[in-house]
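Just so you know, residue 1 is the first one in the sequence shown, and it goes up from there. It should be emphasised that the depicted structure is a prediction, and the values quoted were computed from it without experimental measurement.
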Amino acid sequence: MTSPATPAAGATGATGAAASGAVTPAASATSAASAASVASVPLTPIFVRLKLSLLRNGLKGSSKRKAAYFTTLGFALLVGFFVTLGLSMLHGNAHAGTVVVLLAAILALGWAFMPLFFPTGDETLDPTRLVMLPLRPRPLVRALFASSLVGIGPLFTLCLAAGSVIAVARGAAGAVAAVVGAPLLVLGCVALARAVATANVRLLTSRKGRDLALLSGLLIAVGAQVANFASQSLLEAGGLSTLEPAEAVVRWLPPATAVGMVDSVSQGAYGVAAAQLALTLAALAALLWFWERTLTKLMVTPDGSTIAAVRPVKDRGEGGFWSLLPAGRTGATMQRTLRYVVRDPKTKASWVTALAIGLIIPVFNALQGTGSLYLACFGAGMLGVQMYNQFGQDTSAFWMVAQTISGPRDAYVELRARAAALALVTVPYTVLVTAVTAALIGNWSAFPAALGLALALVGSMLCTGALASARFPYSIPSDGAFKNVAPGQGGLAWMGIFAGLAVSAVICAPMIALTIWLNVADHHDVSWILLPLGVVWGALATWAGLRLAAPTVARKLPEILWAVSKG
């Protein structure tokens with residue numbers, strides 16, 4: 001069956017012709033001939049060359065980008081080699097099939113969901129960029145599928161697939177099945193990723209949709225911790241043999257069936273292997289069909305941005321919580337910062353992720369019986385990172401803030417208000433996480449010491465966050481649902497974060513040393529003193545950081561404005 005041509009380009013041409021007058025037969029014939037000539041061109045080699053050109057051109061003119069790309073490539077190849085070697089060493093092990101089948105399922109889940117919630121996805125394959133081209137969906141799917149196989153991710157997946165089939169392949173029949181099974185696993189993972197990504201393009205490019213995707217990402221993060229907790233309990237109960245019931249089910253779920261097929265052939269179960277191969281091919285065909293159908297609907301259906309909507313503006317007033325904030329510039333800046341958390345999808349994603357993971361890590365470790373009350377500092381650190389790149393979250397609108405900064409005093413008030421807004425959430429959250437962890441562990445005697453150390457860490461990170469915002473500002477691009485660093489500025493972002501974390505550790509070193517000494521010397525009866533010391537230490541560190549950063553902000557204001565507006 002031949003798929004219909006994408007009507008977007010034709011509709012646009014008709015609209016333009018209607019604006020200038022009637023559509024002449026000559027113009028219609030020319031348009032039809034152009035569409036036919038474009039449709040007859042083989043798209044697959046063009047898209048593959050386009051992908052390679054984009055990768056090559058993206059590395060030109062930026063040594064940082066080259067270093068980051070080749071470092072990632074080298075790391076992926078190194079890890080892939082050792083993982084492949086480790087899986088190959090399972091050859092002949094009684095539980096090899098259990099391990100590699102479950103690994104294939106986890107790999108497929110990663111391909112399905114990770115591109116939606118992390119900025120490592122390939123935005124060059126966004127099908128909405130091709131809406132205005134006269135391309136048929138089926139050839140476009142083939143071309144996008146082929147170009148999706150070019151990159152570090154598919155290469156790493158191929159390494160894991162090769163190691164998996166080597167682990168279970170035995171005999172000549174197993175070797176032949178392995179040659180078929182490894183590519184099928186890679187193709188299934190890539191097709192699953194592209195089908196899910198295409199179905200969620202509109203979801204990730206709308207504000208409410210990104211909020212829903214954020215919730216899904218949060219559920220995945222919680223689910224990962226639950227799975228980790230369950231897997232550790234299972235392994236403690238009886239080793240890998242306890243996973244065999246789960247593996248018996250997963251080996252019938254594509255694309256893990258590709259690895260299960262190799263294992264079945266090696267065991268001589270050719271009928272089962274044939275059924276698993278058929279199921280793998282049927283699932284791959286179904287994914288491609290779903291991808292094509294979703295792509296067709298996406299390219300012919302207008303989104304919400306093209307439909308005018310007039311809604312009455314509600315009078316929110318200035319009462320309620322906002323009336324409790326200080327008057328003047330401090331209160332206005334705090335309100336603006338907190339509204340970013342509620343309204344801006346990227347800021348909200350960062351905050352919700354920090355809040356969730358900062359609570360999950362100490363709580364799940366406490367539930368597993370391996371936790372420490374001082375893990376509550378992890379939650380404080382996760383929120384403390386939100387102080388970094390304060391001006392970048394304003395994006396190009398920072399020029400309005402820059403107009404109000406005429407000297408170090410204005411810069412100090414601006415930074416102080418932003419730090420106060422962050423502390424308004426971070427301090428109660430740190431108290432809550434520490435109290436919950438103490439209740440789960442049952443160690444209330446160490447609560448004051450742990451809370452004091454956590455609050456000292458918060459103050460230290462507010463200090464270094466202000467300094468990093470002044471010295472290492474970078475732009476947060478407006479496009480891309482979860483792309484948080486503009487191209488070419490990744491080095492600045494990592495430099496600011498790592499340098500800030502290192503300096504924060506140095507600032508907290510006296511508090512850490514005192515905590516260790518009190519515990520080693522068994523002076524638990526006076527460990528409560530760490531709580532007031534932590535509060536004072538954190539407050540002094542914050543004040544010092546703001547004082548040091550303010551002159552830098554005032555002096556480098558044009559540079560900061562240029563850096564945060566670059567995206």
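- Here the OG1 atom belonging to T337 is positioned 6.0 Å from the CD atom belonging to Q393, to the nearest 0.5 angstrom.
- Contact detail for A380 and L457: the closest heavy-atom pair is CB-CD2, 4.5 Å.
- Of the charged side-chain nitrogens involved, none lies within less than 4.0 Å of a carboxylate oxygen, so that E559 and R471 do not count as a salt-bridged pair.
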Show me, pair by pair, the donor-acceptor contacts under 3.5 angstrom made by side chains of residues 400-410, not counting sequence neighbours?
from, atom 1, to, atom 2, distance (Å)
T404, OG1, R329, NH1, 3.3
T404, OG1, R329, NH2, 3.1
T404, OG1, V401, O, 2.6
S406, OG, D410, OD2, 2.6
D410, OD2, S406, N, 3.0

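- Side-chain contact between V553 and Y412: absent, with no pair of heavy atoms (C-beta onward) separated by less than 4.5 Å.
- Between the side chain of T542 and the backbone N or O of G538 there is at least one donor-acceptor pair closer than 3.5 Å.
- To the nearest 0.5 Å, atoms CH2 (W351) and OH (Y340) are separated by 14.0 Å.
- A distance-only check finds a donor-acceptor pair linking the side chain of N389 to the backbone of Y474 [under 3.5 Å].
- The side-chain heavy atoms of D525 and H523, taken from C-beta on, include a pair separated by under 4.5 Å.
- Put simply, the side chain of Q386 does not reach to within 4.5 Å of the side chain of V425, judged on heavy atoms.
- Taking the side chain as every heavy atom from C-beta outward, V83 and C159 never approach each other to under 4.5 Å.
- With R418 contributing its side chain and M334 its backbone, the two residues share no donor-acceptor pair below 3.5 Å.
- The side-chain hydrogen bond (donor to acceptor under 3.5 Å, both in side chains) contacts involving residues 498-512 comprise T464-S504, where partners must be two or more places apart or lie in separate chains.
- Here T552 contributes atom OG1 and L415 contributes atom CG; the two are 9.5 Å apart, rounded to the nearest 0.5 Å.
- Between L455 and W537 there is no side-chain heavy-atom pair separated by less than 4.5 Å.
- For the pair W111 and L192, the minimum side-chain heavy-atom distance is 4.5 Å or more.
- Taking CG of L462 as the start and CG of L467 as the end, the distance is 11.0 Å to the nearest 0.5 Å.
- Residues E247 and V250 form no side-chain contact, since every pair of their non-hydrogen atoms from C-beta on lies 4.5 Å or further apart.
- Here I512 contributes atom CD1 and L530 contributes atom CG; the two are 11.5 Å apart, rounded to the nearest 0.5 Å.
- Two residues are said to be in side-chain contact when any heavy atoms from C-beta on lie closer than 4.5 Å; I357 and F378 meet this criterion.
- For the side chain to side chain contact (heavy atoms under 4.5 Å, CB included) criterion with V436, the lone passing option out of V433, T434, L440 is L440.
- Using modelled atom types, one side-chain atom of K348 and one backbone atom of V342 make a donor-acceptor pair closer than 3.5 Å.
- Atom OG1 in T84 sits 10.0 Å away from atom CG in L77 (nearest 0.5 Å).
- Applying the side-chain hydrogen bond (donor to acceptor under 3.5 Å, both in side chains) definition to pairs two or more places apart or across chains, those involving residues 436-459 are N443-S445.
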